[in-house]
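Data first, discussion second: the structure below is written as structure tokens.
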Amino acid sequence: MSAACCLLTEDQFLCSICLDVFTDPVSTPCGHNFCKACITQHWNVNVPFQCPNCKKLFYTRPELQVNTFISEMAAQFRQSAQQKASSSSSEQQAAKPGEVPCDVCTGTKLKALKSCLVCLVSYCETHLEPHLTTTLNTAPPTKDWTGVRVSPPSHEGTVRRAVNQLEETLSKQLKKLLTEVELKRVQQSAVDVTLDPDTANPWLILSDDGKQVHDSDVWKTLPDNPERFKPCVCVLAKQSFSSGRFYYEVQVEGKTEWDFGVARESINRKGQITLSPQDGYWTIWLRNENEYKALADPRVLLSLKSRPQKVGVFVDYEEGLVSFYDVKSAALIYSFTGCCFTEKLYPYFGPFLNNNGKNSAPLIISPVNHTE
């Protein structure tokens, strides 16, 4: 094992997230290795799940496998590196008051030789080389700190604040970019959806093309067939789905209350109904103009940065996934995961009560614009 370590380069034992020797290395399905704690924390912050090396996107959180071979090799290398470090530490100087310390050193912080102007981190001689050769494709511009002195303790806090702000900004931008890519992907599953008048509550008005629905103040005399909702003010689509993926978009502009999503075929349509997965409904709603909830069990209060004007609904039948998107901002609103679908699913629409004209705007099934 020691002979094999000698044949391998140092960067092959480093985690590309923490830039340190692997600790409990695990492998992703795409074949890249990371410290277990590093990749776990990375995926806790960045959703959906993506490999930091090759950018492969996983739509469910992968099961990480312990890489015993890399673990053994890393242990051998760590031991060798510690021996080298102990022999060379005497040659490197600890940072004195007024000198820039290495941000990576643990314990005694050595004097920094250079600072990276990209990641804003200072490195001693030991930690500079793996940084330049492993998180960057080409060596970034650096500043030589050999002849520079600063007044402590302000420099460390300033750099840390700048790093934290940069990380937060990049994280937000990356998350938004990934969601935009995800939305473009699910829009490829768009289907044509029209409303089924045989299921519509008698208070509802449907457009002739079956694309719009709103509550009225007039009760229509209609056959009380088993498919019709009564007294709940809602309606299903004509189309049903029992496999694969499907996506549609609903315009909610001008409405103060609504609910929609998907429902299974065997739902109760008479009397009072409860919108919950246990009763066969996977929906979100708006109440009181600005109260958004995912109707899970228990219900989840949603904190949205802006009022959605158009909402996309995506279903992956085999994956057991129902997701809702704010189309304009390309933001994920909520996802029901781990669902078990065993029968036909129908798009479900509840325009809610007219409320003396305050909520008279219709729910509109709108065509999907892939370039929006």
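Side-chain atoms of Ser276 and Asp297 form no donor-acceptor pair, as typed in the model, at a separation below 3.5 Å. Between the side chains of Ser329 and Asp326, at least one donor N or O sits under 3.5 Å from an acceptor N or O.
For the pair Ser360 (side chain) and Gly357 (backbone), a donor-acceptor distance under 3.5 Å is present. Ser207 places a side-chain N or O within donor-acceptor distance of the main-chain N or O of Gln212, the cut-off being under 3.5 Å. For Lys36 (side chain) and Val66 (main-chain N/O), no donor-acceptor pair under 3.5 Å exists by modelled atom type. Here the side chain of Arg228 pairs a donor or acceptor atom with the backbone of Ala200 at under 3.5 angstrom. With hydrogens and angles ignored, the 3.5 Å screen pairs no side-chain donor or acceptor of Gln50 with any backbone N or O of Phe58. Side-chain N or O atoms of Asn359 include one that pairs as donor or acceptor with a backbone N or O of Glu257 at under 3.5 Å. Remark: the backbone N or O of Trp203 is paired with a side-chain donor or acceptor of Ser216 at under 3.5 angstrom. The closest donor-acceptor contact from the side chain of Asn354 to the backbone of Asp217 lies at 3.5 Å or more, if one exists at all. The closest donor-acceptor contact from the side chain of Arg61 to the backbone of Phe49 lies at 3.5 Å or more, if one exists at all. The main-chain N or O of Thr194 is found under 3.5 Å from a side-chain atom of Gln239 such that the two form a donor-acceptor pair.
Salt bridge annotation for Glu289-Arg307: absent, with no cationic side-chain nitrogen under 4.0 angstrom from a carboxylate oxygen. Between Lys109 and Asp103 there is no salt bridge, since no side-chain N of the basic residue sits under 4.0 Å from a carboxylate O of the acidic one. The pair Asp224-Arg269 does not meet the salt-bridge criterion, since no charged nitrogen lies less than 4.0 angstrom from a carboxylate oxygen. Remark: Arg287 engages Asp259 in a salt bridge, criterion side-chain N to carboxylate O under 4.0 Å.
Other residues, nucleotides and ligands contribute at most 12 non-hydrogen atoms within 6.0 Å of the CD atom of Glu63. Shown here is Lys344, whose NZ atom has no more than 12 heavy atoms of other residues, nucleotides or ligands within 6.0 Å. Lys358 NZ: 12 or fewer foreign heavy atoms inside a 6.0 Å radius. No more than 12 heavy atoms of other residues, nucleotides or ligands sit less than 6.0 Å from atom CD of Gln272. At most 12 non-hydrogen atoms from other residues, nucleotides or ligands lie less than 6.0 angstrom from CD of Gln41.
In this structure the side chain of Pro197 reaches within 4.5 angstrom of the side chain of Lys238, judged on heavy atoms. A heavy-atom distance below 4.5 Å is not found between the side chains of Pro362 and Val213. Looking at heavy atoms from C-beta onward, Ser240 lies out of side-chain contact with Glu265 at the 4.5 angstrom threshold. Using a 4.5 Å heavy-atom threshold, the side chains of Ile205 and Lys220 count as touching.
Ring centroids of Phe260 and Trp282 are separated by 6.0 Å or more, keeping the two rings apart.
Ser366 contributes atom OG, which lies 11.0 Å from atom CD of Glu253 (distance to the nearest 0.5 angstrom). A distance of 11.0 Å separates CG of Leu363 from NE2 of His214, quoted to the nearest 0.5 Å. With values rounded to the nearest 0.5 angstrom, Ser122 atom OG is found 12.5 Å from Lys111 atom NZ. Interatomic distance, CG of Asp192 versus CD1 of Ile365, reported as 8.5 Å (0.5 Å rounding).
Nearest heavy-atom pair, Cys232 versus Gly271, reported as atom, atom and distance to 0.1 Å: SG-O, 3.5 Å. Between Asn369 and Gln187, the closest heavy-atom pair is O-NE2, 3.9 Å. When all heavy atoms of Ala190 and Val368 are compared, the closest pair comes out as CB-CG2, 3.7 Å. In this structure, Val193 and Ala237 approach most closely via the heavy-atom pair CG1-CB, 3.5 Å. Minimum interatomic distance between Ile39 and Leu64 (heavy atoms only, all atoms of both residues): CG2-CD1, 3.5 Å.
Contacts of Glu291 classified as side-chain hydrogen bond (donor to acceptor under 3.5 Å, both in side chains), with partners at least two apart in sequence or in another chain: none. Taking the ring pair (Phe, Tyr, Trp, His ring centres under 6.0 Å) definition, one finds that Phe246 meets it with Phe241, sequence neighbours left out.
Other members of the cluster containing Ile267 are Phe229, Leu236, Ile273, Leu275, Tyr281, Trp285, Leu295, Tyr346, Tyr348, with ILVMFWY side chains joined at under 4.5 Å, either directly or via other members.
The only option from Val313, Asp316, Leu183 that meets the side chain to side chain contact (heavy atoms under 4.5 Å, CB included) definition with Tyr247 turns out to be Leu183. If you run ring pair (Phe, Tyr, Trp, His ring centres under 6.0 Å) between Tyr248 and each of Phe324, Phe314, Phe349, Tyr325, only Phe349 comes through.
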